[in-house]
Q: 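What follows is a structure written as structure tokens; I'll ask about it next.
Order of the sequence lines fixes the chain letters, A, B, ..., with proteins taken first and strands second; residue numbering starts at 1 for each chain.
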4 protein chains.
Amino acid sequence: MSEYRTSIGSADETSIRLLGHDLADDMMGKVGFGELAFWLVAGRRPEPGELRLFEAVLVALADHGFTPTVIAARLTLTGAPESLQGALAAGLLGGGSRFLGVTEDCGRFLADALAARQGESDDELALEAVRAVHSAGERVPGLGHPLHKNGDPRTPVIFRIAEEEGVLGPHLRLFDAVGRVHPEVLGKTLPLNGAGVCGAALADLGFPVGILRGFALLARAAGLLGHLAEELRNPAGPAIYDQVRARE
Amino acid sequence: MSEYRTSIGSADETSIRLLGHDLADDMMGKVGFGELAFWLVAGRRPEPGELRLFEAVLVALADHGFTPTVIAARLTLTGAPESLQGALAAGLLGGGSRFLGVTEDCGRFLADALAARQGESDDELALEAVRAVHSAGERVPGLGHPLHKNGDPRTPVIFRIAEEEGVLGPHLRLFDAVGRVHPEVLGKTLPLNGAGVCGAALADLGFPVGILRGFALLARAAGLLGHLAEELRNPAGPAIYDQVRARE
Amino acid sequence: MSEYRTSIGSADETSIRLLGHDLADDMMGKVGFGELAFWLVAGRRPEPGELRLFEAVLVALADHGFTPTVIAARLTLTGAPESLQGALAAGLLGGGSRFLGVTEDCGRFLADALAARQGESDDELALEAVRAVHSAGERVPGLGHPLHKNGDPRTPVIFRIAEEEGVLGPHLRLFDAVGRVHPEVLGKTLPLNGAGVCGAALADLGFPVGILRGFALLARAAGLLGHLAEELRNPAGPAIYDQVRARE
Amino acid sequence: MSEYRTSIGSADETSIRLLGHDLADDMMGKVGFGELAFWLVAGRRPEPGELRLFEAVLVALADHGFTPTVIAARLTLTGAPESLQGALAAGLLGGGSRFLGVTEDCGRFLADALAARQGESDDELALEAVRAVHSAGERVPGLGHPLHKNGDPRTPVIFRIAEEEGVLGPHLRLFDAVGRVHPEVLGKTLPLNGAGVCGAALADLGFPVGILRGFALLARAAGLLGHLAEELRNPAGPAIYDQVRARE
């Protein structure tokens with residue numbers, strides 16, 4: 001008996017099975033890549049409406065220009081052009097608590113509040129949760145953005161798609177309430193940011209909070225691949241290096 | 001003037017642009033994740049038939065059970081559970097020349113042969129190319145599989161989908177010819193493997209060979225995420241560690 | 001003016017400066033590698049006694065057999081033999097909170113207790129600190145070892161060397177007290193482990209707790225290099241892979 | 001019987017063995033960290049003169065200011081401050097063929113030439129080797145430096161230390177000859193660079209060429225740790241990020 005059976009995939013001499021299906025006959029050409037990613041993590045195939053919201057989240061998180069992770073990936077390719085996997089890995093390693101972590105932190109913040117709910121309305125629950133975080137001297141996850149000070153353009157789109165597809169659940173509703181009530185606690189109005197709304201949407205899709213950062217990493221992997229393909233065509237790494245060195 | 005302009009993405013206070021389009025208005029909810037990945041690397045949006053073949057390739061490469069990359073990723077999570085990005089990165093770092101490299105090597109092998117073509121038929125060209133590699137004492141990329149000795153189930157599906165979608169191009173045709181002619185040179189018949197046919201298909205889709213490994217890495221990122229989600233639910237890392245230690 | 005001056009190193013056409021000295025004339029052949037590592041992080045050259053304790057810590061942390069990090073590094077080399085840096089990086093990525101983190105956690109635990117000291121004796125302070133952690137339902141950093149149940153052989157040696165060199169400071173003294181008083185709180189006697197005593201020693205050497213894990217990583221880098229050199233001579237990766245696959 | 005016995009280290013309940021010795025009794029406090037690194041890879045303890053040359057090499061390769069690897073490591077810490085191992089790994093991943101690879105390439109270039117020697121003098125052999133590489137349209141490993149155009153200050157020091165310690169062997173002698181004869185082939189005089197002379201010295205110390213890059217990585221790990229400690233005290237990452245973004 002195996003000490004570690006996996007339900008992901010297996011292969012024998014004549015067939016490859018993935019998620020309990022025959023990879024060649026039942027999956028290739030019939031399942032999209034985003035759909036497969038959802039299925040691999042959730043262990044169930046998404047409904048069309050769930051998939052549209054899920055892919056909108058991945059598209060929203062894929063790229064944000066010359067972020068530190070992109071710069072790190074391009075500079076790593078400059079030093080080790082033989083190892084595309086090393087450059088991609090270096091880029092993903094910057095996807096931690098400061099940037100991509102927001103998606104996970106926001107999902108956890110909302111999930112914890114909902115788990116402790118005792119009949120309060122969304123606004124009451126949001127008020128308690130925001131007060132608790134604020135009085136602990138911490139920042140409320142999903143609030144504020146260094147650039148999009150008057151509103152993150154991704155946020156209303158996620159709410160609209162979830163609405164259209166009938167998959168707007170308790171986490172998004174509570175996040176919406178956080179947007180309404182936080183000024184009463186913080187004394188100022190902050191935008192609901194894109195990373196946060198994506199965390200709320202992923203939590204509504206039923207993913208455990210511990211894996212939410214993983215989807216931000218998967219989305220970023222596609223964005224990094226685009227940057228590395230561009231770096232191979234038209235390198236920016238050496239110029240970035242020279243510019244940094246020039247300022248030493 | 002910027003020394004390093006990117007055509008991938010940019011953001012200002014009110015909008016985020018990706019690939020020259022408004023992320024929120026034109027992409028989220030309208031572009032699938034696989035479609036975005038193609039677009040990010042190719043710099044152009046795929047036709048529906050191209051996209052179906054492309055996603056079939058990503059699905060084919062996403063997982064292959066307990067590979068060394070999966071084991072490395074799970075053991076890394078065992079040691080550093082606070083860093084999902086580290087576990088994912090560790091898994092991708094094994095995606096080098098030995099495993100995922102085949103996709104790139106096969107694409108390059110076929111592209112080089114086609115670049116040197118001087119009117120030969122596919123079979124003639126394949127024969128020259130196989131002879132050249134074989135006489136150099138090297139293995140022919142895309143031929144043979146440690147497990148699927150009598151045929152990789154993914155290979156005919158990629159050919160069929162490319163056929164159905166009218167995107168079967170010169171690389172796949174030459175790879176097919178390699179399958180016909182190699183016994184004459186090698187004195188034995190080997191299967192056309194899945195990693196190789198995926199490289200041929202990606203080359204037919206117009207991607208430069210230098211980036212092909214990147215798609216294998218992106219597909220594997222989704223597979224690794226599935227394994228890491230399973231590892232969070234039901235850890236195998238400690239058991240693998242104990243088993244290895246027991247054999248020291 | 002530079003926005004980011006570094007005091008580590010710089011170079012011009014005729015000379016290379018490191019830590020304010022001429023690399024070629026003043027450092028090469030005159031400064032050992034362990035001494036340089038101390039100097040790079042502390043910003044000051046160690047006294048001979050400090051250096052002996054510091055190198056004993058690095059030697060103590062360098063290797064512990066077939067750990068998950070070693071297995072991950074070897075399997076990564078199996079998949080990507082062209083990238084020694086990828087295999088080393090994969091091995092280091094497992095050096096997180098579960099394993100190497102103990103060194104940092106223990107240093108922080110002791111430093112926090114000492115920062116809050118108000119005239120208590122070492123035993124009184126240790127008792128308060130152990131009670132606080134235990135009542136919070138957490139494990140006391142540096143206590144217990146899965147293998148060395150009756151005592152970690154590295155622990156007494158670190159205390160002895162610190163004593164001999166006259167650099168046994170408050171962190172080691174408090175850690176010693178933790179060893180004396182914890183049974184009163186936990187109701188059982190656990191060994192002071194090697195990772196913990198190394199954290200106490202590094203804190204006594206004046207390093208900030210935030211960097212302690214870095215020394216465990218540096219020591220492990222040397223150990224991993226030994227394993228990777230052995231892997232190049234006599235590969236274990238494929239056998240480990242086969243064994244794991246056999247148990248699927 | 002174990003399929004993968006290691007000669008590096010092992011542990012049981014009462015003792016830890018490293019390289020066939022008792023870690024606590026025979027190594028801690030008696031073996032330096034640089035000495036241990038040599039021993040781990042070579043499988044034998046270095047002579048004092050070998051150790052002095054070896055540590056001079058590590059010191060020479062430890063840091064070179066704001067290199068791309070340092071920038072990547074610092075930016076990775078900016079994004080993932082919870083994972084020092086991720087920042088260190090990201091920095092090491094840039095240690096590939098372009099930068100740290102020179103040490104390995106030069107060692108291999110010299111070792112291959114010496115393996116093919118048939119009684120030629122060093123200058124004759126160097127002339128053949130340089131001609132062969134040059135006529136193949138490749139650069140001669142170890143020749144030239146973007147900054148130290150009139151001589152790398154590290155090169156003469158390595159030769160002097162090897163001389164003083166009586167460990168100047170065939171690789172360093174041949175590298176010296178390359179410095180004398182290359183102008184005759186290239187039509188210009190280039191400096192023997194530090195990365196190259198370190199590769200020659202490591203090869204003379206008996207290390208296989210396949211592991212040479214590993215020592216450059218180990219040395220760089222210490223340098224990166226110094227930069228990360230400085231980054232924790234006084235962050236440069238955010239300023240670098242802002243500066244790069246400002247030039248988009």
Q: Out of Gly214(C), Ala216(C), Gly237(C), Ala37(C), return the one with the most heavy atom pairs under 4.5 angstrom to chain D.
A: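 Heavy-atom pairs under 4.5 Å are most numerous for Gly214(C).
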
Q: Heavy atoms under 4.5 Å from chain D: which residues of residues 44-56 of chain C carry them?
A: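 Residues Arg52(C), Glu55(C), Ala56(C) are the ones that qualify, each having a heavy atom under 4.5 Å from chain D.
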
Q: Given a strict heavy-atom distance threshold of 4.5 Å, which part of Leu92(C) is in contact with chain D: side chain, backbone, both, or neither?
A: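 Both the backbone and the side chain of Leu92(C) come within 4.5 Å of chain D.
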
Q: Can you tell me how far apart CG (Asp204(D)) and CG (Leu172(D)) are? Round to the nearest 0.5 Å.
A: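 Answer for the CG-CG pair, Asp204(D) versus Leu172(D), is 4.5 Å.
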
Q: Please state whether the side chain, the backbone, both or neither of Arg17(D) comes within less than 4.5 Å of a heavy atom of chain C.
A: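 Neither part.
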
Q: Based on non-hydrogen pairs under 4.5 Å, which of Val70(D), Ile158(D), Leu147(D), Leu19(D) is most in contact with chain C?
A: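 Going by pairs under 4.5 Å, I would pick Leu147(D).
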
Q: According to ring pair (Phe, Tyr, Trp, His ring centres under 6.0 Å), does anything in residues 8-32 of chain D pair up with another residue at least two apart or in another chain? List the pairs.
A: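 Only His21(D)-Trp39(D) qualify under ring pair (Phe, Tyr, Trp, His ring centres under 6.0 Å).
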
Q: Please flag which part of Leu88(D) lies under 4.5 Å from any non-hydrogen atom of chain C: side chain, backbone, both or neither.
A: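 The side chain, not the backbone.
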
Q: Could you state the interatomic distance from CG (Leu36(C)) to CE (Met28(C)), rounded to the nearest 0.5 Å?
A: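 The CE atom of Met28(C) is 11.5 Å from CG of Leu36(C), to the nearest 0.5 Å.
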
Q: Could you go through Leu77(D) and Leu232(D), starting from their C-alpha distance and side-chain angles, then the distance that decides it, and tell me whether this counts as side-chain contact (heavy atoms from CB on, under 4.5 Å)?
A: CA-CA 9 Å; Leu77(D) 193 68; Leu232(D) 289 171; 3.8 Å; yes

Q: Side chain, backbone, both or neither: which part of Ile16(D) has a non-hydrogen atom closer than 4.5 Å to chain C?
A: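 For Ile16(D), backbone and side chain are both near chain C.
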
Q: Under 6.0 Å between the ring centres of His145(C) and His64(C)?
A: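 Ring centroids of His145(C) and His64(C) are less than 6.0 Å from each other.
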
Q: Using modelled atom types and a 3.5 Å cut-off, is there a donor and acceptor pairing between side-chain atoms of Asp63(C) and backbone atoms of Gly223(C)?
A: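 Absent.
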
Q: Phe33(D): what forms a ring-ring contact (aromatic ring centres under 6.0 Å, His included) with it, not counting sequence neighbours?
A: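 Per chain and number, Phe33(D) pairs via ring-ring contact (aromatic ring centres under 6.0 Å, His included) with Phe33(C).
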
Q: Measure the CG-CZ distance between Leu192(C) and Phe175(C) for me, rounded to the nearest 0.5 Å.
A: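 Result: 4.0 Å between the selected atoms.
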
Q: Of all residues at least two apart in sequence or in a different chain, which pass the side chain to side chain donor-acceptor pair (under 3.5 Å) check with Thr189(D)?
A: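 Per chain and number, Thr189(D) pairs via side chain to side chain donor-acceptor pair (under 3.5 Å) with no residue.
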
Q: Rounded to the nearest 0.5 Å, what separates atom CZ in Arg160(D) from atom CG in Leu168(D)?
A: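 With rounding to 0.5 Å, CZ (Arg160(D)) is 12.5 Å from CG (Leu168(D)).
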
Q: Based on non-hydrogen pairs under 4.5 Å, which of Leu40(C), Val31(C), Leu100(C), Leu18(C) is most in contact with chain D?
A: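 Heavy-atom pair counts peak at Leu40(C).
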
Q: Roughly how far, to the nearest 0.5 Å, is CG of Leu224(C) from CG of Leu84(C)?
A: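 Rounded to the nearest 0.5 Å, the CG-CG separation comes to 10.0 Å.
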
Q: Against chain C, label Leu225(D) side chain, backbone, both or neither, depending on which of its atoms sit under 4.5 Å from a heavy atom there.
A: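 Contact with chain C is through both the backbone and side chain of Leu225(D).
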
Q: Sub-3.5 Å donor-acceptor pair from the side chain of Lys30(D) to the main-chain atoms of Asp25(D), do we have one?
A: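 At least one qualifying donor-acceptor pair exists.
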
Q: Pick one of side chain, backbone, both or neither for Ile8(D), based on which atoms fall under 4.5 Å of a heavy atom in chain C.
A: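 Contact with chain C involves both backbone and side-chain atoms of Ile8(D).
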
Q: Between Glu104(D), Glu231(D), Arg213(D), His227(D), who has the most heavy-atom pairs with chain C when the cutoff is under 4.5 Å?
A: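 With the most close heavy-atom pairs to chain C, the winner is His227(D).
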
Q: Which value, rounded to the nearest 0.5 Å, describes the distance between Phe215(D) atom CZ and Thr103(D) atom OG1?
A: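 Separation between the atoms: 11.5 Å.
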
Q: Pro81(D), Gly29(D), Gly34(D): which one forms the most heavy-atom pairs within less than 4.5 Å of chain C?
A: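 Most pairs with chain C among the choices: Gly29(D).
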
Q: Relative to chain C, which segment of Ile161(D) carries a heavy atom at a distance below 4.5 Å: side chain, backbone, both, or neither?
A: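 The side chain, not the backbone.
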
Q: Among Asn150(D), Thr14(D), Asp12(D), single out the residue with the greatest number of heavy-atom pairs under 4.5 Å to chain C.
A: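 Result: the option with the highest number of such pairs is Asp12(D).
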
Q: Of all of Met27(D), Gln85(D), Arg233(D), which one pairs up most often with chain C through heavy atoms under 4.5 Å apart?
A: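 The option with the most such pairs is Gln85(D).
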
Q: Measuring heavy-atom distances to chain D, does Leu218(C) have an atom under 4.5 Å in its side chain, in its backbone, in both, or in neither?
A: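 Leu218(C) touches chain D through backbone and side-chain heavy atoms alike.
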
Q: Do the side chain of Ser15(C) and the main chain of Ala11(C) share a donor and acceptor less than 3.5 angstrom apart?
A: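 No, Ser15(C) side chain to Ala11(C) backbone: no donor-acceptor pair under 3.5 Å.
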
Q: Leu93(C) versus chain D, heavy atoms under 4.5 Å apart: side chain, backbone, both or neither?
A: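 Looking at Leu93(C), backbone and side chain both touch chain D.
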
